[in-house]
There are 2 protein chains.
Amino acid sequence: MPRAGLTAATVTEAAAALVDEVGFDQLGIGLVAERLGVKTPSLYKHVTGQTDLAHRIAILAMNQCADAIRDAIQGRSGTEALARGAQAMRTFVKDHHGRYAAANAARPTGPDDPLIDALNRVVDSWAAMLHGYRIDPDQQIHALRMLRTVLHGYASLEAAGGFQFATDIDDSFTWMIDFIDHGLQETTATSTNSAPSSRAAPGVTL
Amino acid sequence: MPRAGLTAATVTEAAAALVDEVGFDQLGIGLVAERLGVKTPSLYKHVTGQTDLAHRIAILAMNQCADAIRDAIQGRSGTEALARGAQAMRTFVKDHHGRYAAANAARPTGPDDPLIDALNRVVDSWAAMLHGYRIDPDQQIHALRMLRTVLHGYASLEAAGGFQFATDIDDSFTWMIDFIDHGLQETTATSTNSAPSSRAAPGVTL
DNA sequence: CGAAGTAGCTAATGTCGTTAGCTGTAGACT
DNA sequence: AGTCTACAGCTAACGACATTAGCTACTTCG
C-alpha cells in the first residue's frame with residue numbers, strides 16, 4: 001500500500017476546493033479524505049480536527065484574496081484602482097465562495113495567529129484601493145470601513161445567492177462602485193486639507 | 001407527567017432565542033429541547049427536523065426585521081427615514097445576530113414558501129427608506145441593492161465580530177449613512193427627471 | 001543495510017440527528 | 001360523568017460522522 005504523500009497544505013487545498021463546490025456548511029472530513037483517496041482518520045496526521053481545517057482554509061483564502069486585489073491594482077490609483085480592486089475581490093469571492101465563507105466564520109485564536117497576518121494583508125489591499133483619493137485623515141478609517149462593508153456585503157450576498165435570478169447584477173455593482181467613487185471625490189473636494197495622506201495603518205482593529 | 005403545551009411557534013421562538021445567545025452554528029435540537037424542558041425527540045412532533053427549524057427561525061427573523069424598520073420610519077422620509085431605518089436594522093441585527101444568521105443561510109424551498117413573503121417585506125422596508133429621494137426610476141434598483149448591500153454588510157460584519165475591539169463603530173456607521181445620503185441627493189440633483197417616483201416593486205428578484 | 005520516525009489503516013467510542021413504537025393526557029362527543 | 005379519539009411526549013434504537021487508540025508498513029537517515 002503506497003503512501004499518498006499528503007501534507008497539511010495539500011489537505012487544506014483539497015478542502016478549500018471542496019467547499020468551493022459543495023459549500024462551506026457541507027465541509028466534512030470524510031469528503032475531504034475521499035477526494036484525496038485516503039481513509040478518514042488519516043487526515044488527523046496533518047490537521048488536528050475539523051475546526052483546525054476550517055481555520056487553515058480561512059488563512060489560505062484571505063491570502064489569496066489579498067493577492068488577487070494586489071495584482072489587480074498594480075500601479076493604478078484613484079478611480080481606476082477602486083474599480084479594478086473591487087472587481088477583483090468580487091470575482092475572487094464568486095469563484096471561491098466556499099473558502100470565503102470559511103474566512104468569514106473564522107476567528108483568530110491568539111495574538112500570533114497567522115490568520116491575523118492574512119486578514120491584515122486584505123485590509124492593506126483595501127487601503128491601497130483608497131490611496132488615490134486624498135481623504136481627510138480623520139475620515140480614512142470610516143472610508144475604509146465603508147469599503148470593506150460594501151465589498152463584503154456584495155460578495156457575501158452574491159455568493160449566498162441573495163440576488164435571485166437577477167441578470168443585471170454586474171450593472172448594479174459598477175453603479176455602486178461609481179457611486180462611492182463620486183462620493184469620495186466629493187469628500188476630498190470639501191476637505192482643503194492637502195496633507196500627504198500618510199498610509200492608514202489600521203492593524204487588526206480595521 | 002403533564003404536557004408542556006408546545007407548538008411550532010413556541011419551539012421556533014425558543015430556538016431563535018437560543019441562537020441569539022450561542023450563535024447559529026451552535027443550533028442543536030438537544031439544546032432547544034433542554035431549554036423547553038422536554039426530551040429531544042419530542043420536538044419532532046412540531047418541526048420536521050433541524051433544517052425545518054432553521055427555516056422557521058429565518059421566517060420569524062425577517063418578519064421581525066421588517067417590523068422594526070417599518071416602526072422606525074413611520075411617517076418620515078428622505079434623510080431622516082434613511083438614518084432611522086438604518087439604525088433600526090443595525091440594532092435589530094446586533095440584538096438578534098443568531099436569527100439574522102439563520103435568515104442569511106436560509107433559501108426558499110418553493111414558490112409559495114412563506115420565507116419569500118418575509119423577505120419581500122424586508123425589501124419593501126428598504127425601498128420605503130428611499131422614498132424621499134427622487135431617484136431616477138432606472139437607478140432605483142441599483143440604489144436599493146446598494147442599500148441592501150451596505151446594511152447587510154455592516155450588520156453581518158458587526159454580528160460576526162468583524163470589527164475587532166473598535167470603539168468608534170457607531171461613528172463609522174453614521175458616517176457611512178451620511179455618505180450615502182449625500183450621494184443620493186447628488187444623484188437626484190443631476191437627474192432633472194421629476195416623474196412621480198412610482199414605488200419600485202422589486203419582488204423576489206430584489 | 002538497519003533503525004527510527006511516521007503516514008495511513010482498522011477498530012472502537014461518543015455525540016447528535018432522526019425514526020419507530022408505546023403510553024398517558026386533553027379535548028370532543030354522547 | 002363516561003368514553004373515545006387524537007396526539008404530545010417518552011424510551012429505545014439506528015445511522016452518520018468526528019475523533020481516538022493502537023498497529024503495520026513505508027520512507028528516510030545514518
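In what follows, every chain begins at residue 1, and chains take the letters A, B, ... in the order their sequences are listed.
Not counting sequence neighbours, the partners of B:Tyr154 by the ring-ring contact (aromatic ring centres under 6.0 Å, His included) test are B:Phe163, B:Phe173. Considering only residues two or more places apart in sequence or on other chains, A:Arg121 meets the side-chain contact (heavy atoms from CB on, under 4.5 Å) condition with A:Asn63, A:Ala66, A:Asp67, A:Arg70. In this structure A:Gln64 satisfies the side-chain contact (heavy atoms from CB on, under 4.5 Å) test together with A:Leu60, A:Phe92, A:Arg99, sequence neighbours excluded.
Applying the 4.0 Å criterion to OP1 and OP2 of C:dA7, one finds that A:Ser42 has every side-chain N and O outside that range. The side chain of A:His46 places no N or O atom within less than 4.0 Å of a non-bridging phosphate oxygen (OP1 or OP2) of C:dT6.
Residues of residues 12-19 of chain A having a heavy atom closer than 4.0 Å to DNA chain D: none are found.
We find that NZ of B:Lys45 is positioned 16 Å from P of C:dT25, with the value rounded to whole Å. Residue B:Leu6 contributes atom CG, which lies 13 Å from atom P of C:dA26 at whole-angstrom precision. Distance B:Lys39 NZ to C:dA20 P: 22 Å, rounded to the nearest Å. At whole-Å resolution of the value, CZ in B:Arg3 and C1' in D:dG9 are 7 Å apart. Between A:Asp25 atom CG and D:dC17 atom C1' the separation is 16 Å, expressed in whole Å.
The shortest side-chain heavy-atom distance between A:His152 and A:Asn104 falls under the 4.5 Å cut-off. Under the 4.5 Å side-chain criterion, counting only non-hydrogen atoms from C-beta, A:Lys94 is not in contact with A:Tyr100. You'll find the side chain of B:His46 stays beyond 4.5 Å of the side chain of B:Thr10, heavy atoms only.
Salt-bridge annotation for A:Asp168 and B:Arg145: present, with a side-chain N of the basic residue lying under 4.0 Å from a carboxylate O of the acidic one.
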Pairwise N/O distances under 3.5 Å, protein to nucleotides 14-18 of chain C:
from   : atom 1 : to      : atom 2 : distance (Å)
C:dG17 : OP1    : B:Ile29 : N      : 3.4
C:dT18 : OP2    : B:Tyr44 : OH     : 2.7
C:dT18 : OP2    : B:Gln50 : N      : 2.9
C:dT18 : O5'    : B:Tyr44 : OH     : 3.2

Please set out all donor-acceptor pairs under 3.5 angstrom arising from side-chain atoms of residues 24-44 of chain B, sequence neighbours excluded.
from    : atom 1 : to      : atom 2 : distance (Å)
B:Arg35 : NH1    : B:Glu21 : OE2    : 3.1
B:Arg35 : NH2    : B:Glu21 : OE1    : 3.0
B:Ser42 : OG     : B:Lys39 : O      : 3.2

